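Below is one structure; the comments refer to it alone.
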Amino acid sequence: MPERVLTKFEDDKPTVNKTTTTSAAQNPPVALAKGKKRKRNGTTNTPTNKPDTTTQSIEVDSRPEKRIEEPESKSQLPRPATNGAKQLHNRSKSNRPPPNGRPSNPPLPPHLSKRRDALLPFRQALPIYQHADSIRAALSTKNTLILTGETGSGKSTQVPQFLLSQPWCKKCIAITQPRRVAAISLARRVAEEMGSSLGNASPASKVGYSVRFDNAAGPNTRVKFLTEGMLLQEMLRDPELKQYSAVVVDEVHERSVNVDLILGFLKKMQKEGKRKDAMKVVVMSATADVEGLVKFFDDEEGDIGCKKIERVQTDGVQSAESEKAKGKGKQKSGSGGVENGVVPVTDTKSEPSSTVSTCFVEGRQYPVKTIYLPEPTQDFVESALKSIFQIHYKEPMPGDILVFLTGQDTVEALERLVNEYAQGMEEGVPKILALPLFAALPQHAQQKIFQPAPSKTRKVILATNIAETSVTVPGVRFVVDSGKVKIKHFRNRLGLDSLLVKPISRSAAIQRQGRAGREAPGQCYRLYTEQDYASLEPRTTPEILRCDLSAALLTMKARGVEDVLNFPFLDPPPREALEKALLQLLQLGALTETGEISEIGLKISKLPLTPTLGRVLVEAARPERDCLLDIIDIISCLSVENIFVNLVTEEKKEEAEAARRELYKREGDHMTLLTTVQRYAEERSDRKVWTEKHFVSHRAMQNVMDIRKQLRQNCVQLSLLPSSSTAHSNSNSTDPSSNPSASHDSRTRSILHSLLRGFAANTARLMPDGSYRTLLGNQTVAIHPSSVLFGRKVEAIVFSEFVFTNKSYARGVSAVQLDWVGEVLEEVGG
DNA sequence: GAGCACTGC
């Protein structure tokens with residue numbers, strides 16, 4: 001059922017001299033191309049500078065099981081196996097109890113051992129492989145290691161394997177990832193490298209993973225890849241993470257809220273020392289602020305500011321430093337150009353008094369030439385258009401172009417322009433194929449970026465920042481960077497999210513630029529001036545400083561953090577933001593007056609929902625509401641992207657309006673969502689056909705059904721539902737036949753009352769002038785045009801989303817009676 | 001009569 005599309009790879013056959021790799025190998029690495037002086041003391045066994053040993057997978061679907069690209073090592077000219085094989089043999093001598101009474105050393109199935117042996121040379125050619133001993137040594141004396149390694153260094157796959165044989169590593173190693181696909185594909189890769197089956201395929205499986213909707217860890221799992229959210233979930237049951245000897249936190253530079261929480265918890269854990277054995281922590285990052293991380297983990301209250309952290313003495317760091325010294329700033333993330341094979345005498349470093357080691361691992365990256373605009377542009381879409389055709393006419397094939405834009409609108413506008421101009425190109429000029437790429441794009445359209453272009457055609461990928469982290473576009477040698485990003489920012493005082501176009505940070509600019517140098521030397525056209533670049537913020541504001549903190553605080557409270565104001569945050573949010581979030585949790589009834597987590601709060605914290613939606617769910621389970629299954633359907637829809645397909649042409653829009661009329665409910669968007677889920681779930685013949693007929697997104701509905709199932713299970717575990725309710729029931733009435741009198745109106749009323757309990761702050765009343773103003777805060781809000789209530793005048797509304805774009809909009813809107821709003825505001829003490 | 005970058009439990 002779930003189709004897995006493996007994007008084409010050359011795999012690791014030792015037949016290396018394929019065209020793509022030879023051309024790459026002939027190109028010198030960055031530093032050499034720049035004519036930098038550097039010593040070479042390890043040239044003979046230097047792995048070639050083939051860049052991009054892709055350790056991260058490419059995935060553009062939120063349903064990870066559908067399309068997974070394997071991470072792959074594509075290095076060439078492998079050395080024979082030596083070290084790693086020994087390590088693996090040592091491991092297999094472990095005296096773990098034989099599973100199912102079988103001999104403790106069952107021979108590996110031949111296909112597994114063959115694959116493992118075939119992969120070994122590629123592992124050994126990874127830049128990180130030479131650091132294995134020093135990484136082990138660092139962790140045998142210190143509990144924390146900060147490891148900076150660029151893309152392609154192999155850190156995500158190799159570090160856990162380095163540590164597995166260490167005497168302190170008796171239990172499991174956890175490796176966290178920000179995205180599900182990455183966790184799954186890395187686990188698959190490491191299982192292959194270790195000659196193990198994956199997950200629960202066999203009791204002997206040593207490698208597993210755990211992501212939402214998919215837990216694949218066996219009884220003997222020693223290496224477990226999990227999403228950050230999953231590790232936090234495990235901490236709910238086991239705050240000390242006793243099943244792990246080490247936690248490896250990967251991709252820390254992305255600075256998700258969850259990663260910040262994990263770092264805080266790990267630091268607290270080490271400091272409090274409640275565990276019998278020390279918890280080893282490896283923090284891995286591409287462009288981390290190493291000094292900040294060292295200070296964070298090494299703080300001996302008081303001397304934080306004066307501890308001098310020496311940088312690791314590798315070539316990589318030196319080259320980064322020398323570039324800085326030249327006053328040009330870093331040309332690439334982290335290291336500048338790094339030549340592989342230079343083995344430093346010591347490559348991990350720590351102050352004797354410090355509890356933290358650091359290590360820098362070089363990556364594999366080609367030089368990227370940067371071109372700035374001489375003058376600032378007013379219209380980056382137009383400037384991008386010019387740059388695209390300038391590149392296309394001037395630069396030889398092959399070499400695709402990746403353009404970073406802000407949103408669907410700019411992507412589609414530029415797509416039209418490019419196609420228009422491309423029609424006017426003379427004969428003999430290579431063709432242009434413009435491909436849009438953004439998250440809301442249907443699956444098959446996203447897939448196109450992985451397909452090779454027809455002959456004599458240059459691909460131009462017009463992308464949002466999905467291409468910065470989540471999707472690796474192959475074949476790119478030219479990057480056009482608008483310098484802008486659409487970013488969400490939570491405004492504390494108004495309690496609303498704003499979604500605005502802003503300049504990117506310098507680190508994001510470097511990240512985008514790096515995309516041009518993954519396969520060959522490249523060029524980056526920045527659609528701003530060099531002065532503009534210099535004036536950019538050095539790094540993107542971490543999410544925790546620009547989001548609603550109520551979910552994070554509830555997470556902390558539920559894991560035993562009493563004093564959240566003094567939680568060790570890598571970047572402490574302003575006190576005002578923390579207090580605002582505490583107040584919100586108090587109003588939801590998730591905290592008691594004394595600031596302890598309440599019974600309701602504990603329930604909410606166990607649900608994969610925001611605190612507000614969790615509160616709505618808990619409310620719906622109360623006997624006087626009795627509408628839990630309906631609310632689960634609605635909440636499931638609110639947890640995914642828009643379930644209604646966006647349409648472009650006027651004709652299609654009218655057609656869709658007509659087809660959806662039977663779904664639209666006058667009570668508002670929430671009842672409309674409920675009707676849609678229930679019709680979909682009742683559909684017995686072909687659900688896909690049904691979605692097409694009603695202009696509903698089939699993919700979104702599949703996600704809705706997954707979440708619905710999970711929420712029903714959660715509710716059974718929390719004793720909010722009897723266990724019979726999860727059994728493939730599509731009807732929401734607990735017993736339809738016995739309750740025919742439960743009128744539609746009373747059911748609707750229960751649902752709306754439940755929504756109000758969570759969204760009491762998101763209520764507004766109609767003013768005499770026809771506008772709506774919030775009851776708390778007296779803010780003007782407009783009903784978003786996507787709402788079924790758009791243009792309608794009702795006495796009061798409750799809405800599940802409050803966003804500022806051009807003005808304040810309420811999205812996900814239902815009509816309610818004003819006196820209901822009064823009641824609920826009284827209850828929350830507003 | 002507007003238009004929502006991206007993750008995740």
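Computation of the quantities below employed the complete heavy-atom set of this structure, encompassing side-chain atoms and omitting hydrogens, waters and symmetry-equivalent molecules. In this text the structure is predicted, and so the values were computed from the model without any measurement. Each chain gets a letter, A, B and so on, in the order its sequence line appears, and its residues count up from 1.
- Comparing P608(A) and T406(A) by the nucleotide of DNA chain B whose heavy atom lies nearest to each, the residue mapping closer to the 5' end is T406(A).
- Residue contacts for L607(A): at a heavy-atom cut-off of 4.0 Å it reaches a base atom on one of the strands shown.
- At least one donor-acceptor pair under 3.5 Å links the side chain of R615(A) to the backbone N or O of L588(A).
- Here N806(A) lies in heavy-atom contact (under 4.0 Å) with sugar-phosphate atoms only.
- Of the listed nucleotides (dG1(B), dG3(B), dC9(B)), dG3(B) has the atom at the smallest distance from the side chain of T805(A).
- The closest side-chain heavy-atom distance from Y244(A) to D238(A) is not below 4.5 Å.
- Taking only side-chain atoms of K488(A), from C-beta outward, the nucleotide of dG3(B), dC9(B), dA5(B) with the closest atom is dA5(B).
- Judged by distance alone, with hydrogens and angles left aside, the side-chain atoms of R255(A) form no donor-acceptor pair with the main-chain N or O of T541(A) at under 3.5 Å.
- In this structure, the CG atom of D481(A) is 17 Å from the P atom of dA5(B), given to the nearest Å.
- As judged by a 4.0 angstrom heavy-atom cut-off over every strand, Q710(A) is placed among residues making no nucleic acid contact.
- Checked against dC9(B), dC4(B), dG8(B), the side chain of R179(A) finds its nearest nucleotide in dG8(B).
- If you check every strand for non-hydrogen atoms under 4.0 Å, T555(A) touches nothing.
- Checking S256(A) against N258(A) by side-chain atom types alone, no donor-acceptor pair falls below 3.5 Å.
- Of the listed nucleotides (dG8(B), dA5(B), dG3(B)), dG8(B) has the atom at the smallest distance from the side chain of T227(A).
- Atom CD in E641(A) sits about 12 Å away from atom P in dG8(B), given to the nearest Å.
- Comparing dC9(B), dA5(B), dG3(B) by their closest approach to the side chain of H784(A) singles out dG3(B).
- Rounded to whole Å, atom P of dA5(B) lies 16 Å from atom NZ of K502(A).
- Taking atom CD1 of residue I707(A) and atom P of nucleotide dC9(B), one finds them 10 Å apart after rounding to whole Å.
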Quiz prompt | E228(A) vs E254(A), side-chain contact (heavy atoms from CB on, under 4.5 Å): CA-CA, chis, key distance, verdict | solution = CA-CA 12 Å; E228(A) 293 157 357; E254(A) 291 189 20; over 6 Å; no
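- Judged by closest nucleotide on DNA chain B, V485(A) is the one of T610(A) and V485(A) placed further toward the 5' end.
- For the pair K603(A) NZ and dC9(B) P, the interatomic distance rounds to 24 Å; values are reported in whole Å.
- Nearest nucleotide to the I466(A) side chain, out of dC9(B), dC6(B), dG3(B): dC6(B).
- Here T464(A) lies in heavy-atom contact (under 4.0 Å) with sugar-phosphate atoms only.
- The nearest whole Å value for the distance from the CD atom in Q177(A) to the P atom in dC6(B) is 20 Å.
- Rounded to an integer number of Å, the gap from CZ of R180(A) to P of dC6(B) is 15 Å.
- S598(A) approaches L591(A) most closely through the heavy-atom pair OG-N, 3.9 Å.
- As a whole-Å value, the separation of N465(A) CG from dC6(B) C1' is 6 Å.
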